[in-house]
Novice: 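To start, I am sharing the structure in question, which I have written as structure tokens.
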Amino acid sequence: MDVLDRAERYLYLNARLIDRLRFAALFRDGDRERVLEVLRCYQNPDGGFGHALEPDLRGPGSQPEPVEVAFWILDELDAFPSPMVAAACDYLSQVTTGDGGVPFVLPSVRDDPRAPWWESDDDPPGSLVPTASIAGLLHKHLITHPWLAAATEFCWSAIAAVDEPSPYDARAIVTFLDLVPTRERADSEFERLREAILATVTLDPAAPGEAHFPLDFAPYPLRLPLFTKDVLDLHLDALLDAQSDEGGWNGNWTMWTPLVRHEWGGHVTVQRLRTLRAYGRLPAS
């Protein structure tokens, strides 16, 4: 079987419905509206998303990070005209801090089963994760909403204050700077931070553990000159080789309860296939 056939079998045996439908829509000419119908089931009346759309957040309550997960799904379907977007932005407006950003996680997470790294202060500050990626995607799709202007200014201010980002902050910064329309300012900040961002990247594709590889920062070709073609080709080759005997891929972080291994496996497998196609390693749709 080829890469797609093996991945399809893996998804049938392991993945959530939403990830099976994403695969069908993206690679088998399936119905994209069915993906949106399932995604709506993860959206709460307040406009936020919960219900383990982000598999490590098991509770039903809304959190900022699942909005980012939902927006990436809407992005891959070119479905940002969906009413889910405006409702999610309304939710973000409700949980935004005084500086214009949304927190990494809200104190309400304490009421829900979750991975041990999802912890919150009583009054958490705005965070580049997930504010920067959410804002970047809204800019990419030319969405206008009152939340976006203050969130964008938060991102510019927070990025300007960064000298040595964490890997997750670096990935969010790359997404924002790649997608925001203010190109001169974005290019200037990228030049200032490029080496600091690269310092968070693991260039050895065989590195074990929770490493952050070039394709995690550039899951599709960037307009920012972050990686050379040789680096990307090396990691694309390694990504193809990393397809498991079962046909899927999974995260390299701790799978803290058995169910999330399957849920992340389905989600990550569709992500990896999208990356391979974005770089021409799989046939175009």
Side-chain angles (χ1 to χ4, degrees), residues 1-43 49-60 65-80 82 84 113-115 133 137 171 205 210-213 215-216 218-220 235-285:
M1 291 191 289
D2 68 9
V3 171
L4 285 176
D5 289 340
R6 292 168 59 204
E8 185 172 35
R9 176 173 172 78
Y10 171 82
L11 292 166
Y12 282 149
L13 292 174
N14 294 277
R16 302 177 294 183
L17 177 61
I18 191 168
D19 297 318
R20 298 198 304 271
L21 292 175
R22 289 171 63 213
F23 174 86
L26 295 169
F27 297 98
R28 299 301 195 210
D29 199 26
D31 185 354
R32 297 187 175 210
E33 181 57 36
R34 293 195 68 199
V35 185
L36 300 181
E37 289 173 358
V38 173
L39 184 60
R40 290 185 194 105
C41 296
Y42 290 92
Q43 190 167 35
F49 289 84
H51 308 281
L53 181 61
E54 204 285 5
D56 288 329
L57 291 168
R58 303 305 305 171
E65 179 55 34
V67 174
E68 180 186 350
V69 177
F71 278 13
W72 282 115
I73 294 172
L74 293 167
D75 174 70
E76 72 190 16
L77 300 174
D78 197 20
F80 263 70
S82 168
M84 285 187 279
R114 65 198 186 278
S133 296
L137 286 167
R171 288 166 60 173
E210 192 174 336
H212 298 258
F213 298 109
L215 295 175
D216 296 321
Y220 51 85
H235 282 267
L236 288 163
D237 290 343
L239 184 57
L240 279 167
D241 290 341
Q243 188 176 22
S244 70
D245 292 341
E246 292 79 15
W249 290 263
N250 214 320
N252 58 0
W253 54 91
T254 301
M255 298 296 159
W256 57 280
T257 191
L259 178 62
V260 301
R261 181 168 188 82
H262 294 286
E263 295 193 352
W264 274 124
H267 184 82
V268 170
T269 293
V270 178
Q271 284 183 319
R272 299 311 187 208
L273 293 172
R274 288 183 60 214
T275 293
L276 290 168
R277 189 171 67 184
Y279 285 98
R281 296 301 186 96
L282 291 176
S285 59

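The chain is numbered in sequence order, starting from 1. Note: hydrogens, waters and symmetry copies are ignored here, and every other heavy atom, side chains too, is used.
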Novice: Can you tell me how far apart CG (L39) and CD (E37) are? Round to the nearest 0.5 Å.
Specialist: 11.0 Å
Novice: Which pair of non-hydrogen atoms, one from A52 and one from Y42, has the smallest distance, and what is that distance?
Specialist: C-CE2, 4.2 Å
Novice: How long is the gap from CG on D2 to CD on E8, to the nearest 0.5 Å?
Specialist: 9.5 Å
Novice: Is atom CG of D29 surrounded by more than 12 heavy atoms (other residues, nucleotides or ligands) closer than 6.0 Å?
Specialist: no
Novice: Using side-chain contact (heavy atoms from CB on, under 4.5 Å), reason through N14 and D19 one step at a time and then give a plain yes or no.
Specialist: CA-CA 10 Å; N14 294 277; D19 297 318; over 6 Å; no
Novice: Can you establish whether the number of heavy atoms outside R34 located under 6.0 Å from its atom CZ is more than 12?
Specialist: no
Novice: Taking only residues two or more places apart in sequence, or in another chain, which ones meet R261 in a side-chain hydrogen bond (donor to acceptor under 3.5 Å, both in side chains)?
Specialist: none
Novice: Taking all non-hydrogen atoms of both residues into account, name the closest pair between G265 and T269 and its distance.
Specialist: O-OG1, 2.7 Å
Novice: Do you know the tightest heavy-atom contact between R20 and L11?
Specialist: CD-O, 3.4 Å
Novice: If you count every heavy atom of other residues, nucleotides or ligands that lies below 6.0 Å from Y220 atom OH, does the total exceed 12?
Specialist: yes
Novice: How many angstroms lie between CD in E76 and CZ in R274, if you round to the nearest 0.5 Å?
Specialist: 4.5 Å
Novice: Enter the distance from Y10:OH to N250:CG here, rounded to the nearest 0.5 Å.
Specialist: 5.0 Å
Novice: Just checking, any donor-acceptor pair under 3.5 angstrom between side chains of W72 and E68?
Specialist: yes
Novice: Assign the ring pair F213 / H235 to parallel, tilted or perpendicular, where the plane angle (0 to 90°) is split at 30° and 60°.
Specialist: tilted
